[in-house]
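Throughout, protein chains are lettered first and strands after them, A, B, ... in sequence-line order, and every chain is numbered starting at 1.
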Number of protein chains: 4
Amino acid sequence: MPDSIEAEPAEPRKKRRATPNAVLREDSIHRITEAAFRLFVTRSYAATTLQQIADEVGMTKGAIFFYFQSKENLLLHLLAVAEQSIVTSFAQQAEASSGSAVERLVAFFHHGARQGLERPYQLLCLIQMSIEFSGSETEIGRRVSAIYDKIYGLLAHIVEDGQRNGDLTDAIKPVEFVAMVVAMHDGMMLEWHRRGGRIDGRLLVQAVRMTVLNGVLAQERR
Amino acid sequence: MPDSIEAEPAEPRKKRRATPNAVLREDSIHRITEAAFRLFVTRSYAATTLQQIADEVGMTKGAIFFYFQSKENLLLHLLAVAEQSIVTSFAQQAEASSGSAVERLVAFFHHGARQGLERPYQLLCLIQMSIEFSGSETEIGRRVSAIYDKIYGLLAHIVEDGQRNGDLTDAIKPVEFVAMVVAMHDGMMLEWHRRGGRIDGRLLVQAVRMTVLNGVLAQERR
Amino acid sequence: MPDSIEAEPAEPRKKRRATPNAVLREDSIHRITEAAFRLFVTRSYAATTLQQIADEVGMTKGAIFFYFQSKENLLLHLLAVAEQSIVTSFAQQAEASSGSAVERLVAFFHHGARQGLERPYQLLCLIQMSIEFSGSETEIGRRVSAIYDKIYGLLAHIVEDGQRNGDLTDAIKPVEFVAMVVAMHDGMMLEWHRRGGRIDGRLLVQAVRMTVLNGVLAQERR
Amino acid sequence: MPDSIEAEPAEPRKKRRATPNAVLREDSIHRITEAAFRLFVTRSYAATTLQQIADEVGMTKGAIFFYFQSKENLLLHLLAVAEQSIVTSFAQQAEASSGSAVERLVAFFHHGARQGLERPYQLLCLIQMSIEFSGSETEIGRRVSAIYDKIYGLLAHIVEDGQRNGDLTDAIKPVEFVAMVVAMHDGMMLEWHRRGGRIDGRLLVQAVRMTVLNGVLAQERR
DNA sequence: AATGAATGAGCGTTCATTCAT
DNA sequence: AATGAATGAACGCTCATTCAT
C-alpha cells in the first residue's frame, strides 16, 4: 500500500472508531488518490476532469467532493502525500547518512529512482505540478514552491559540505550546482515518462549517475 | 521577426501580392503566435483560453478562428514554428559541422541555451507539450513525438560516431545516452523556467556543460 | 417551550411513554424546528440548505430526514406550528371577545405585535412563505394560501360586524378593507425585519395603530 | 417600452454604431431583463434558475452570460433599472413638487401604485429582494439597502417638512412615521401580488390612501 | 436515534466553436 | 479582415435524498 501514507483530508466530524466505515473511508480515499495521481500526471491537472477520476474508481463525482472538498483540495492532498513519501523520507535519510557528499548526492538520485519505480506518479506529480503551476500565485503554486525550496535546501546543504571537504569540484557555485542536480533528476524522470516505458529506467538512472560523476568524456581524453 | 517562419495557416481567399493587407495578415498571425507561445508555456495548453490570447493581442476570439481554425490547429502551428527554428536549425548545423562528437554534443547544449535565451517560449513550448501530451493518441501527441524522434535521431547519430571514434565512453549504451542528454537539456530548461529568472541562465548552462563533460568529482578524487 | 405545539412528524416506530427517549425526541424536533424557522426567514427557504440547519443544531442531515422526511415536509411542519400559535390562537381570542369591531381590529394588530416580539420567526415565516410561494401550485403554496384564507375570513367577519354596527367607516368595501389590514400588518412586520432591529418595534406598532385608527392628518386639518 | 431605461450591462469592447447588431443587443438585453424581473419576483432569486430565464426568452444560458457575466450581476442590473424607474423618478417628482407634505405623501402612494400597475415586477423585485437579502453582507444586500436608504431619506424629508408646517400630526416620530409609510406601501404591493390579481389594485390603493389619511374610525366615532 | 458514505439531478459557469454581417 | 451574438457540451460543484449500519 505505497500511497496515502497518513492521509489527512476532510476529518469526519466525530470520533473515528475502527468500524467497517473507517476502513471503507480509508479505502475510498486511497483509490481516489491513486487515480488522481495517475490522471493528473498523464493528462495534466487542468485537462483532467473529476468525472474521469470518478469513472476510474467506480464512484460518482459527488463522492470525490465528499472526501475532498474541491478539485484544488484534492491536488493539495496529493502534494502532501507526495511530499511525505518523497521529500520528507529523503530528508530523514540524508540527515541520518554519514557518507560523503558524493555518496549523499548519489543517494539522492537513487532515492528518486527508487521512488520513481515504486510510485512513479507521486514523483512525477510533484514535477508536473512544478511546471504547470510554476510562478502561479495560487495556493497550489505556493505549496509546490515550498516543496521545491525544501529540496533545494537539502541539496545545498550537501553541496556546501562537499565543496568544503574537497569532495566536489569548486568550479561550480552551489546555487547552480543544486539547480543542475534538480534539473538532471527531474529531466531524467520526465524523459523516462515521455518514453512511456519504452526505455529501461535502471539503465537511464545508471547513465545519468555515471555522467554526473565522471562526465561523458572517455577516460583517455581527459 | 524570429517567430512564425513559414506560417502556413488559413490560406487567404484570394492570392495576394505584398499588399498592405498581406502585411497586416502576417502581423496579426505573428502577434497571435507570440502570445500563444507565452501563455501555453506559462499556464499550459489546457488552462489557456482563446479569450486570454485574444485579449493579449487586442483582438477577439473570432480573429483567432479566422487565422487558425481551431485551438488545436493553433498549437500545431506553434509546434511547426518551434520545430523549424529549433530542431531543423540544429540539424542543419550538426550536419555542416565537422567537429568531434563531443564538440557537437556541446554544440547541442549551446544551441539549446541560445534558443532558450532568444526565444525561451518556443523551446519551452516543445518541452511542455511533450509532457502535457506524452503518449496521448491525438494529432498533437503524434506531432510532438515525431519532433522528439527527430531529436533522438540526430543525437543518436552523433553519439554513435563518438563512440566509434573513441571520443565518448563506451560504458553507456547509445539509447540511454541520448535519453540522458535530452533529459539534461530539457531538465535544465525547465529548472530555469521554474526558477522564473531568479537564477542566471548562463551560469546554469555552464554548470550543466561542465558536469556533462567532466562530472562533479573534484579532479584529485577521480 | 413556545414552538412545536402539536408536533406531528415521523411517528416513532413503537408507541412510547414519556421515556427519556421520548424527551430526547421532542427536544431534537424542537431544536431543528427553531433553527429552521430562523434560517428560512433570514435566508429564504430556497437558499437555506439542510446542512446549515443541521450545523446549527449540531446534528447531521440524516437526523433531519429521520424526523421530517423531506425539506418540504419540514416546512409544512413549520407552517403547522406557526398556524397553531398565531392564527388559531387569534381565532380563539377573537371568538371569545365581546369587544367592538375596532377593539377587535386593534387586538389583531396587538396580537401580531406580541407574536412578532415573542416568536418573530414564526410570524415572519408565514409572511415570507406567502411571498416565496405565492400562487405556486405546490403543496406548500396551497397550505400557505389556506392559512391566509383563514386570516382573511376572520378579519372579514370582524369588518362586516363593524360596518353593520357603524363602528367602521362604510367608505371602504370589506374585501379591500381586509386586504388593507393584512397589508399593513405584514408590511409592518417586514419593515421591522428589514431594519434588523435598528428600529423600536413597539414604536412602529404604535405608529401603525394610530394611523390606522386616526389617519395621519393633524386634528385641526380634518 | 417601460423597462430597461438606460440599460448599462457589459459594455461591448468597441464603439456601438446604430447597426442592426446594436438593435439586436438592446432587444436581447431587454427580453432577458423582463423575464428575469418576472421570474425573480414570482419564484424568488434563489429558486429561479438561469435555464428558466433562458427558456422564457428562447435563448440558451450562454446568452445570459454573454450579456450579464453572472446571475448576481443580472440581479444588480435589475436593481439598477428598478431604482432608476422607481426611486429616481419619484425623487425628481418630489423635488419638483410644491405641494404640502400630505399631498407629497399621497403622491408617493400614487407613484408606487402607478409603477405597480405599469411595471409591477420592477417594484415587486425591489421589495422581494429587500426581504430575500435583508441584512445579508453581499453586494446585493448592500445595494438593496442603499436603495431603501434613499427612499427613507426622501420620505423623512417630506415628513419633517409636514410636521414643521403642522400638516402632519406630531404624535409620531419621523423615523417610525417613515417606517410606517414604507410598511404600508410595500405591504400593499405584496398583498396585491399575493392575491394574484384576484383583487382590484385601484380599490386597494384607495383603501390604503383613505385609511392613511383618515383612519378607519367612522366619522361620528372620533 | 442517528451517522457517514454515496448518489444523481441539476446548478452557475466556462469555453471552443459557428456564423451573419 | 474581423466582430459580436449566440450556441452547446462539458465543467466544478451543490444539495436533497437514500441507505446500511
Side-chain angles (χ1 to χ4, degrees), chain A residues 10 12-17 19-22 24-25 27-29 46-52 54 58-67 69-72 74, chain B residues 10 12-13 20-22 24-25 28 46 48-52 54 59-67 69-74, chain C residues 10 12-13 20-22 24-25 28 46 48-52 54 59-67 69-74, chain D residues 10 12-17 19-22 24-25 27-29 46-52 54 58-67 69-72 74:
Chain A
R13 270 175 186 73
K14 302 258 167 165
K15 68 276 173 182
R16 190 191 304 189
R17 302 143 303 168
T19 64
N21 253 357
L24 179 55
R25 177 185 180 80
D27 179 59
S28 293
I29 289 178
T48 300
T49 73
L50 293 177
Q51 187 62 64
Q52 288 166 347
M59 296 179 187
T60 60
K61 285 186 289 180
I64 300 179
F65 278 89
F66 177 71
Y67 288 113
Q69 286 66 36
S70 67
K71 190 187 183 187
E72 178 177 354
L74 172 56
Chain B
R13 268 160 193 81
N21 262 349
L24 179 55
R25 174 185 178 80
S28 292
T48 300
T49 74
L50 293 179
Q51 185 64 64
Q52 288 165 347
M59 299 179 187
T60 62
K61 284 186 290 179
I64 299 179
F65 275 87
F66 177 72
Y67 288 115
Q69 287 64 40
S70 68
K71 190 186 183 187
E72 180 179 354
N73 210 47
L74 170 56
Chain C
R13 266 157 193 82
N21 262 349
L24 179 54
R25 173 184 179 80
S28 292
T48 300
T49 74
L50 293 179
Q51 185 64 63
Q52 288 166 346
M59 299 178 188
T60 61
K61 283 186 290 179
I64 299 178
F65 274 88
F66 177 74
Y67 288 114
Q69 288 65 40
S70 67
K71 190 186 182 187
E72 180 178 355
N73 212 46
L74 170 56
Chain D
R13 271 174 185 74
K14 301 259 169 166
K15 68 279 175 181
R16 190 191 304 189
R17 301 145 303 167
T19 65
N21 253 356
L24 180 54
R25 177 184 180 82
D27 180 59
S28 293
I29 288 178
T48 300
T49 73
L50 293 177
Q51 186 64 64
Q52 289 166 346
M59 298 181 187
T60 61
K61 285 187 289 180
I64 300 178
F65 278 88
F66 177 72
Y67 288 112
Q69 286 67 34
S70 67
K71 190 187 183 186
E72 179 177 354
L74 170 56

Looking at every non-hydrogen atom in both residues, tell me the closest pair between [X] and [Y] and how far apart they are.
X	Y	result
A/Thr60	A/Ala54	C-CB, 3.6 Å
A/Tyr67	A/Ser28	CE1-CB, 3.6 Å
D/Ile64	D/Leu74	CG2-CD2, 4.3 Å

[X] [atom1] - [N] [atom2] separation (whole Å):
X	N	atom1	atom2	value
D/Ile29	F/dA6	CD1	P	9 Å
C/Leu50	F/dT17	CG	C1'	9 Å
B/Phe65	E/dA16	CZ	P	7 Å
C/Gln51	F/dC13	CD	P	17 Å
B/Phe66	E/dT17	CZ	P	17 Å
C/Asn73	F/dA16	CG	C1'	13 Å
A/Leu74	F/dC13	CG	P	10 Å

**Message:** Side chain of A/Leu24, heavy atoms from C-beta onward: which of E/dA6, F/dA16, E/dT3 has the nearest atom to it?
**Reply:** E/dA6
**Asked** Quick one: which of E/dG12, F/dA16, E/dG8 gets closest to the side chain of C/Lys71?
**Response** F/dA16
**Asked** Ignoring hydrogens and geometry, is there a side-chain-to-backbone donor-acceptor pair from D/Lys71 to D/Thr48 under 3.5 Å?
**Response** yes
**Message:** Heavy-atom nearest nucleotide on DNA chain E for A/Ala63 versus D/Thr48: which residue maps closer to 5'?
**Reply:** A/Ala63
**Given DNA chain E, 5'-ward residue of the pair B/Thr49 and A/Ile64, judged by closest heavy atom** = A/Ile64
**Message:** Any side-chain N or O of D/Tyr67 below 4.0 angstrom from OP1/OP2 of F/dG4?
**Reply:** no
**Message:** With a cut-off of less than 4.0 Å, is there a side-chain N or O of D/Arg25 near OP1 or OP2 of F/dG4?
**Reply:** no
**Asked** For E/dG12, which nucleotide in any strand shown is its Watson-Crick or wobble partner with both distances under 3.5 Å?
**Response** F/dC11
**Request:** Provide the Watson-Crick or G-U wobble partner of F/dA20, both distances under 3.5 Å; none if there is no partner.
**Result:** E/dT3
**Asked** In Å, rounded to the nearest 0.5 Å, how long is the span from CZ of B/Phe66 to CE of B/Met59?
**Response** 11.0 Å
**Request:** Name the residue closer to the 5' end of DNA chain F, choosing between B/Ser28 and A/Lys61 according to the nucleotide with the nearest heavy atom.
**Result:** B/Ser28
**Asked** For C/Gly62 and D/Gly58, take the nucleotide of DNA chain F holding the closest heavy atom to each; which residue's nucleotide lies nearer the 5' end?
**Response** D/Gly58
